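Heads up, the thing below is written out as structure tokens.
A, B, ... follow the sequence lines: proteins, then strands. Residue 1 opens every chain. The figures that follow rest on heavy atoms only: side chains count, while hydrogens, waters and symmetry mates do not. Given the structure is predicted, the values throughout are model-derived calculations rather than measurements.
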Amino acid sequence: MRLSDASAVGDATVALDRGLLTRGDRVQLLRLMEMMRAAEERGLALYKQGKVPGSFYDGRGEEAISVGAAFALGPRDRLCILHRDLGAHFVRGVTPDRYLANYMGRAGGVTGGKDGNMHFGDRALGCVGMVSMLPDMAPVANGIALAFKMRGEPRVALTFFGEGSTANGQWHEAMNFAGIHRLPVVFVLENNRFAYSTPNQLEFAVDPVERASGYGFPGVGVDGNDVEAVFTATAAAAERAREGGGPTLIGCETMRMHGHGAHDDMSYVPAALREEWERRDPIDGYAARLVAELGFEESEVSDVRAEVRSYVAECAERALASPPPEPEVAGEGVFAERWQPLGDGAAPWSRWAETGADGARRAA
Amino acid sequence: MRLSDASAVGDATVALDRGLLTRGDRVQLLRLMEMMRAAEERGLALYKQGKVPGSFYDGRGEEAISVGAAFALGPRDRLCILHRDLGAHFVRGVTPDRYLANYMGRAGGVTGGKDGNMHFGDRALGCVGMVSMLPDMAPVANGIALAFKMRGEPRVALTFFGEGSTANGQWHEAMNFAGIHRLPVVFVLENNRFAYSTPNQLEFAVDPVERASGYGFPGVGVDGNDVEAVFTATAAAAERAREGGGPTLIGCETMRMHGHGAHDDMSYVPAALREEWERRDPIDGYAARLVAELGFEESEVSDVRAEVRSYVAECAERALASPPPEPEVAGEGVFAERWQPLGDGAAPWSRWAETGADGARRAA
Amino acid sequence: MAELTYLEAISDALRTEMRRDDSVFCLGEDIGAFGGAFKVTAGLAEEFGADRVLDAPLAENAIIGAATGAAIEGMRPVCEMQFADFVACGFDQLVNVAAKLHYRQGVAVPMVVRLPSGGGFSGGPFHSQNPEAWFLQAPGLKVLAPATAADAKGLLASAIRDPNPVCFLEHKGLYRHVRGEVPEGEYTVPIGKARVAREGAELTVVAYGSAVHLALAAAEQLGEEIEVLDLRSLCPLDREAILASARKTGKVLIAHEATRACGAGAEVAALIGEEAFEDLDAPIRRLTAPDVPIPFSPPLEQAVLPQLEQMKEACRELLAY
Amino acid sequence: MAELTYLEAISDALRTEMRRDDSVFCLGEDIGAFGGAFKVTAGLAEEFGADRVLDAPLAENAIIGAATGAAIEGMRPVCEMQFADFVACGFDQLVNVAAKLHYRQGVAVPMVVRLPSGGGFSGGPFHSQNPEAWFLQAPGLKVLAPATAADAKGLLASAIRDPNPVCFLEHKGLYRHVRGEVPEGEYTVPIGKARVAREGAELTVVAYGSAVHLALAAAEQLGEEIEVLDLRSLCPLDREAILASARKTGKVLIAHEATRACGAGAEVAALIGEEAFEDLDAPIRRLTAPDVPIPFSPPLEQAVLPQLEQMKEACRELLAY
Ligand SMILES: Cc1ncc(C[n+]2csc(CCOP(=O)(O)OP(=O)(O)O)c2C)c(N)n1
Ligand SMILES: Cc1ncc(C[n+]2csc(CCOP(=O)(O)OP(=O)(O)O)c2C)c(N)n1
Ligand SMILES: [Mg+2]
Ligand SMILES: [Mg+2]
């Protein structure tokens, strides 16, 4: 099923075909979510040990969104990944050691120490690292999509943003521009209830996913803690974009289960809310469903999770072994000597293997 | 009748009570529209004579909007008036000589030569002059409304903007902020089909008046060439705001009957469109209606129009007699020595006289 | 007098001015119950209510624009940018609306934009910037950058009472590391007056914000006749104090953390090169960050931000000149 | 060679580069069929189609952001701000996204932002600004400001081919008033090299944009040994050329139309005061607009913008020093 016109707004979870995913894909989804969880837990531990300078941010509880969304994209698609979306980096092929090294400001980090925390993207994997100003990557994703459209390439740009960031003028400018030009872009909105300490009711009077129709494209609400729902909605949106149908705003309902940063005890979050979402943990939930509904053995699932954890532990050792950058690096690279294309990212969805590594080709 | 909740979106022309206007009010409305037309024609003539430095912009064809909207406000309400809205300045008490002198950069202009064209506002009359960046006055109007709300004063801020300006991020930020805080602010959207040369279809995919509901307040569509419709919608919106009901977006359908500026021959406008709106001239249309439906004599109407024209001619002489500013003025006033309150503006609507000069008091 | 940190002094100024004047209110992201990213407004919402310590949505132009409108109407808003870096997102309202309203229309805009600025703690390229020079190229904005706790309080109080838009640069590195005696209750420091932080006859270091502390440490350690002039206000700039000190010592080093090209130091250097030329005994030197974004990793950040050793070296060179 | 106006030279560069390279496209408000507010892009939509001369909605961050994204993906966007003043509305994308991407991530952003700047025609406070110094305080942006028709063409072509974000300041006062011989076809001028517009031994006037013409007129009328150095590029700045000329003449006047505090002139003055101090025979003077918004009315605007008489007076004073 495909959402094909601007009025199609609904719950993609129900409507879309789960048959798009093989058994192997499902293992990947679980694996990648667990990898995000384990890597962020490790990052937080390193922070508490004083090994991460500055501050530490994670996306605990939101693993299904970045993993599910990025999983739907092909190698030649492009992403601007935000600060709760570590899973998307892993989907594209970033390894946890490079993530952890980046947080620690090491030479082996994705930015080599130039930038920190989640402000990175591996250009070799088709990603453009976020800036802190939110949601500045939305206009940039438009520009990437515009290039695709101008050159007639069936490729897609995808970016994420939090619900708080939708209050910023750049969000509107990006939505409006994308709507006018029917750009092949997918916007993934993560409503995790809070912008830092600010709750939804102080951010907007109306849920921003409902605003999509005001820009002439669909706003699709999904359960952001259901990785397959996010995947399916994104696959549909990407397909629609590739076919010239224009943008989609996918609104993912979720909850940020840690503070805004490691310094934030999130005392402003009502206990009941926290508990409710604790029960809806995206990884445990998916693991349970794999066993209950999708024909997996309990042990398979726990093996996958255990294997990832030990892989992340190894990665952490590698990250710790990475040296600090040489001070001279600080003065280098303000200006580029030449333009070079971004590289293509990993696209682990089995469908991409079937259709060939060229993500520009159609998925279905 | 009053629009009282966020879901009330409709044609206020039909719904609202025309009985709010007396015979004298109607003369005023005609007079003020004609004054705007005559003053702008005179300004354009002065421009063509080389007496206006820089460029010249007018609001021909849009007279009903600024006059109708400003007419609904009380003396202590505050306005940020835009570049197609000369009539609103006249409603507040600016005289055409000061307008023309401002365009000519004379000492007697509203800004004394500091600023030009429509970038003025008479602070003594409760107005804050627009800046060129669009729609920057919308967040400012919010701030004025915020002050009213914080102090518990039943006063209203009103600002205008063109449909093109709604593409800018500040528009969204302003709408969102006003919606969250239910500010006593009235937004008057003038959809005159074009932003400079850019037609509606390149400005947005969906009419911005429809976006109001996405901010939690009503978007009301009116015929922008019907001065009483604009007045009635604004009176209702202002009343709603004063009562704590929050903002309203009034979408006025109209057409810019001159080029963006005097240098622009508007060759991009299809002839049929122009002719259609020529027939819908707001002043001629109102004059005809006064006679046909509202019990006025033909001669009454033509006398009013002739009287205004000769008044404007006198004003032009006064403006021409005004000297250029002294060069020393250029270096003065970058910083304020002290804050002073804005003054109150004229409020010619008879209802204000009935309720007393204090515009903070309720109109109904 | 109480011994307060620089951060506490800022909070104290806010509290004191809010008690003094009902029209003073705060507006910014997460400043209400949460108390702000740096806890500068902690406790204010409790004391003054959520309406006077307003949590804003993530929209800097909306914040600065709302402050401008409220200021026009007689309120005294104090906006907080969560980090100074985000002022780029509210730049247009600041430089085009607030800054120019009085000149153009005689409309006073008594507001303050608080800007937690500066680096030194691995904030990276988006949480370490020092944007003051942008404001200096936008006539109509006053620009303050206190170095001490007492000045942080006194200048913020003055900024709140000033009828103009004031950019108030609070150096994050000083928040908890600098403390000092701060007068209790109402206390103002006049805007536009530099402070001789240390007297000396051989060399003047002109500095502001974090660089003042580097300069004082260098002077102390070198044990030389070094005068340290703390500008405190970048607009208006205390031209007389700068020129008097430059003329007295004949040697000037200008230091700031902001990047070099067209920084405030360039203006000070140009002023001295124009007005005190005949009294100079040495080239006018600058110690600043080079023209690069501020990197994240400690060794890189240290390579970019001015360090004590460089300050000492520059002083030594000038003294020996 | 053809004799073109400065404006025609800019159009020529756009047309030539668009013919040469399919990835070059234009993006801005009213630049398509309408040809732009100043008609710089007139005829381009006809020749290259509306898709390569894209009319954008009124949203500068969307424009600069879209250009950034497209540039990353290998296009060569040239955005037009309708007036340079509106760059404040796209400032964040420019200084925080485009400027820093290569430093942070190794991602090149080959784009140009065209900025019709400057005053002198009663444009008032919002259509007369010269925002170049803002960009100089945002490392990662190249900043060009041609004074002649040939440079306007050659530098714009170089900007389009440069792999970095380039702010291209086109002075509106020069658009139709300056004309000159311009090489036909492909033509580039290297970025970062100043031009000796006039040789002389007694005094150097360092200028760029409109001020170059004032300086040349003054030198001509005074008939003295005045050297005029046209910077052309503000970042990178041709330090060697500036210092060489300053050392040669020993007297320097720096002139620009932008306001004074922290303008490009301050940087040049600071550079000279630091590096050429020993060769100076006179104070380093600046002729700039004072720190006020640019007023509208002709007598006020003239009082603010640098005038030929002031230029002559400043030269005379320095020559006599
Ligand atoms: C333009 C801008 N202003 C302020 C900030 C400071 N800030 C960082 S994250 C954040 C909250 C973001 O909330 P949301 O968009 O919902 O994303 P979340 O962190 O909840 O995923 C704020 C205010 C920012 N990053 N950008
Ligand atoms: C932020 C900004 N960008 C560009 C401009 C240049 N400009 C002046 S008027 C205009 C068109 C405005 O269209 P609209 O908002 O529909 O108002 P109208 O003039 O049609 O009443 C443009 C692009 C501007 N004023 N502000
Ligand atoms: Mg959030
Ligand atoms: Mg319009």
Side-chain angles (χ1 to χ4, degrees), chain A residues 78 80 110-112 114-116 119-124 127-133 136-151 153 155 157 159 168-181 183 185 330-342, chain D residues 22-23 25 27 49 51-52 54-77 79 89-111 138-142 161-166 191-192 235-236:
Chain A
R78 297 291 177 252
C80 303
V110 182
T111 66
K114 288 277 189 73
D115 210 336
H119 300 153
F120 67 85
D122 189 340
R123 48 181 303 286
C127 297
V128 182
M130 69 175 286
V131 303
S132 184
M133 289 70 199
D136 285 19
M137 301 319 283
V140 176
N142 272 350
I144 295 173
L146 180 65
F148 296 161
K149 191 182 167 191
M150 290 177 115
R151 295 190 300 230
E153 297 168 353
R155 298 164 66 189
T159 191
N168 191 283
Q170 293 210 31
W171 184 78
H172 169 72
E173 294 194 4
M175 297 302 115
N176 190 51
F177 192 91
I180 295 168
H181 291 287
L183 297 178
V185 59
E332 296 165 6
V334 176
F335 291 109
E337 298 297 325
R338 64 199 174 96
W339 176 84
Q340 286 176 283
L342 303 190
Chain D
D22 275 356
S23 63
F25 74 101
L27 179 63
D51 283 359
R52 281 182 72 195
L54 224 75
D55 275 325
L58 198 163
E60 284 75 12
N61 269 317
I63 292 171
I64 296 176
T68 301
I72 289 169
E73 256 307 316
M75 304 297 289
R76 297 269 167 170
C79 324
C89 307
F91 200 63
D92 175 46
Q93 279 287 334
L94 190 59
V95 304
N96 282 322
V97 188
K100 299 183 179 35
L101 260 171
H102 191 264
Y103 183 76
R104 298 168 51 235
Q105 317 261 348
V107 173
V109 184
M111 66 184 265
L141 301 173
K142 295 193 176 177
R161 298 183 195 186
D162 196 277
N164 295 287
V166 181
I191 292 175
C235 179

Item checked: Part of A:Ala330 within contact of chain D (heavy atom distance under 4.5 Å) -> both
Check: If you measure only the distance, is there a donor-acceptor pair under 3.5 Å linking the side chains of D:Asn61 and D:Gln93?
Finding: no
Checklist line | Gap between atom CD of A:Gln170 and atom CE of A:Met137 - 0.5 Å precision | finding: 10.5 Å
Notebook entry, point to check: Looking at D:Ala56, D:Pro165, D:Pro236, D:Gly74, which makes the most heavy-atom pairs under 4.5 Å with chain A?
Noted result: D:Gly74
Next item on the list: Report the option among D:Asp92, D:Asp51, D:Leu27 that has the most heavy-atom pairs separated by less than 4.5 Å from atoms of chain A.
Entry: D:Asp92
Item checked: Largest heavy-atom contact set with chain D, pairs under 4.5 Å, which of A:Asp136, A:Asn142, A:Leu183, A:Val110 -> A:Asp136
Next item on the list: Return yes if some donor-acceptor pair links the side-chain N/O of A:Arg78 with the main-chain N/O of A:Ala141 below 3.5 Å, else return no.
Entry: no
Check: Which region of A:His181, side chain (C-beta onward) or backbone (N, CA, C, O), has a non-hydrogen atom less than 4.5 Å from a non-hydrogen atom of chain D, or is it both or neither?
Finding: side chain
Next item on the list: Pick one of side chain, backbone, both or neither for D:Lys142, based on which atoms fall under 4.5 Å of a heavy atom in chain A.
Entry: both
Margin query: So for D:Ala98, is it side chain, backbone, both, or neither that comes closer than 4.5 Å to the heavy atoms of chain A?
Written below: neither
Notebook entry, point to check: Quick one: of D:Leu58, D:Ile63, D:Leu141, who has the most non-hydrogen atom pairs under 4.5 Å with chain A?
Noted result: D:Leu141
Check: Looking at A:Gly112, A:Gly129, A:Ala178, which makes the most heavy-atom pairs under 4.5 Å with chain D?
Finding: A:Gly129
Notebook entry, point to check: Atom CG of D:Asn96 and atom OG1 of D:Thr68: how far apart are they, to the nearest 0.5 Å?
Noted result: 11.5 Å
Margin query: Whether the side chain of A:Arg151 engages the backbone of D:Ser23 through a donor-acceptor N/O pair (distance < 3.5 Å, no angle test) should be reported.
Written below: no
Next item on the list: Report the option among D:His102, D:Lys100, D:Glu60 that has the most heavy-atom pairs separated by less than 4.5 Å from atoms of chain A.
Entry: D:His102
Margin query: I'd like to check A:Ile144 versus A:Cys80 (side-chain heavy atoms, cut-off strictly below 4.5 Å). Are they in contact?
Written below: yes
Margin query: Strictly distance-based, threshold 3.5 Å: is any side-chain N or O of A:Arg123 a donor or acceptor partner for the main-chain N or O of A:Gln340?
Written below: yes
